[in-house]
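See structure below.
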Amino acid sequence: MTHYSSKRFASNAGIAIGPILFVVALLAVIGMAMSAGNNTVGSTIASDRVRADIKSQGNLIRSKILECNQYSFDRGDLTDKYPYSGPDGVSFGTTAQLVESLDCLAFVNQGTTLPNNNTNLWAGAHSATLPPPTQGFDKWMYVNAGSSGGRCIRIQPSAGNATSPGIKDGLASVSAAFSTQEVVYDPSSSSQRFILWITYPSGTVNAGCQS
């Protein structure tokens with residue numbers, strides 16, 4: 001016959017559930033606080049990066065485009081020689097073009113080219129390297145709609161990034177570094193497109209230079 005012990009645990013032999021639950025709850029609160037803190041830091045870093053990158057890249061691109069036009073004037077050719085990117089080497093058009101692929105029409109006008117027949121804007125009289133777009137953004141684009149529609153460069157967040165707080169804060173901050181005659185930025189726009197003027201339009205603004 002099997003005998004079962006009738007001994008009972010002493011009243012002070014139980015597991016201390018209360019203190020354990022307290023520690024678990026405390027750890028959960030600390031974890032949530034750290035997560036929120038990390039998100040804040042991440043947003044701040046993204047904002048700082050966006051502000052610095054967009055400002056420096058925008059100024060660099062504008063200077064290269066204006067250099068191309070100035071090069072045309074230096075050659076004694078006073079016609080419109082802002083950069084182009086087209087198959088015929090003449091038409092500007094109003095379609096947005098990749099800034100990295102722009103050619104300078106001054107370099108190919110009347111058969112004149114740079115050494116090695118290189119006409120790319122970034123291999124001009126003072127070659128330069130265009131940095132890659134800021135993380136979370138599409139590449140810089142250029143629109144040449146002439147003196148009436150305006151000439152501009154623009155950049156905008158890639159799909160899914162337009163609502164990023166860090167990106168929006170960064171764009172709002174960098175836009176404040178330019179005058180209203182230089183920048184177009186609508187913080188409430190769905191695209192968060194950031195636009196810098198090369199030449200301000202004298203007529204109706206081309207759609208490619210609108211937010």
Side-chain angles (χ1 to χ4, degrees), residues 50 52-159 171 174-175 177-178 181-185 191-211:
V50 169
D53 287 357
I54 298 299
K55 182 178 180 180
S56 62
Q57 292 177 14
N59 283 327
L60 172 63
I61 295 168
R62 289 200 302 178
S63 68
K64 289 298 295 180
I65 290 175
L66 293 174
E67 177 190 51
C68 169
N69 195 55
Q70 184 62 47
Y71 186 80
S72 300
F73 293 162
D74 291 343
R75 297 287 297 265
D77 187 350
L78 301 182
T79 55
D80 186 353
K81 301 303 181 188
Y82 281 90
Y84 77 95
S85 182
D88 57 8
V90 176
S91 300
F92 297 112
T94 57
T95 302
Q97 307 288 344
L98 285 170
V99 166
E100 65 183 28
S101 300
L102 290 178
D103 288 326
C104 184
L105 188 55
F107 301 156
V108 296
N109 186 43
Q110 298 177 350
T112 301
T113 62
L114 289 174
N116 301 320
N117 295 322
N118 196 337
T119 60
N120 185 265
L121 178 68
W122 299 95
H126 303 94
S127 61
T129 299
L130 176 63
T134 304
Q135 183 177 0
F137 282 79
D138 293 334
K139 294 182 177 181
W140 282 94
M141 305 298 291
Y142 170 70
V143 174
N144 185 349
S147 58
S148 178
R151 303 176 182 88
C152 71
I153 55 174
R154 73 182 195 221
I155 192 170
Q156 64 191 62
S158 304
L171 289 176
V174 72
S175 68
F178 298 93
Q181 296 295 306
E182 293 179 294
V183 68
V184 177
Y185 173 65
S191 68
Q192 289 296 298
R193 178 181 288 180
F194 183 85
I195 301 163
L196 287 176
W197 290 113
I198 304 300
T199 61
Y200 199 78
S202 60
T204 303
V205 178
N206 180 268
C209 294
Q210 296 180 18
S211 60

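Computed from heavy atoms alone, side chains included, the values below leave out hydrogens, waters and symmetry copies. Each residue takes its place number in the sequence, starting with 1.
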**Q.** Backbone of V184 reached by a side-chain donor or acceptor of W197 within 3.5 Å
**A.** no

In sequence, state the C-alpha distance, the side-chain angles, and the governing distance for Y200 and E182, and then conclude on side chain to side chain contact (heavy atoms under 4.5 Å, CB included). CA-CA 8 Å; Y200 199 78; E182 293 179 294; over 6 Å; no

Between S191 and Q156 the two heavy atoms that sit nearest each other are O-CB, 3.9 Å

| message | Before you tell me yes or no, could you show the steps for M141 and I155 under side chain to side chain contact (heavy atoms under 4.5 Å, CB included), namely the whole-Å CA-CA distance, both residues' side-chain angles and the distance that decides it to 0.1 Å? | response | CA-CA 6 Å; M141 305 298 291; I155 192 170; over 6 Å; no

Nearest heavy-atom contact between L102 and Y142 is CD2-CD2, 3.5 Å

Residue pairs passing the salt bridge (charged side-chain N to carboxylate O under 4.0 Å, His left out) test with at least one member in residues 130-142, sequence neighbours excluded, are E100-K139

Working for side chain to side chain contact (heavy atoms under 4.5 Å, CB included), residues L60 and S63: CA-CA 5 Å; L60 172 63; S63 68; 4.2 Å; yes

Chi angles and distances behind the side chain to side chain contact (heavy atoms under 4.5 Å, CB included) call for Q57, T134: CA-CA 9 Å; Q57 292 177 14; T134 304; 4.2 Å; yes

In terms of heavy-atom contacts, G150 and C209 come closest through O-SG, 4.4 Å

In short, side chain to side chain donor-acceptor pair (under 3.5 Å) pairs touching residues 201-211 with sequence neighbours left out are none

Smallest heavy-atom separation, P201 atom then S148 atom, equals CB-O, 3.1 Å

When rounded to the nearest 0.5 Å, the distance separating CD1 of I198 from CG of L66 is 5.5 Å

* Parallel, tilted or perpendicular: which fits the ring planes of F194 and Y185, with parallel below 30° and perpendicular above 60°? -> tilted

Rounded to the nearest 0.5 angstrom, the CG-OG distance for L196 and S175 is 10.0 Å

Rounding to 0.5 Å, atoms CD1 (I54) and CZ (F137) come to a distance of 4.5 Å

- Message: Any side-chain to backbone donor/acceptor pair from R154 onto G208? Under 3.5 Å, distance only.
- Response: yes

Nearest heavy-atom approach of L171 to Q192 is CD1-O, 3.4 Å

Taking every heavy atom of I153 against every heavy atom of G58, the minimum-distance pair comes out as CD1-O, 3.7 Å

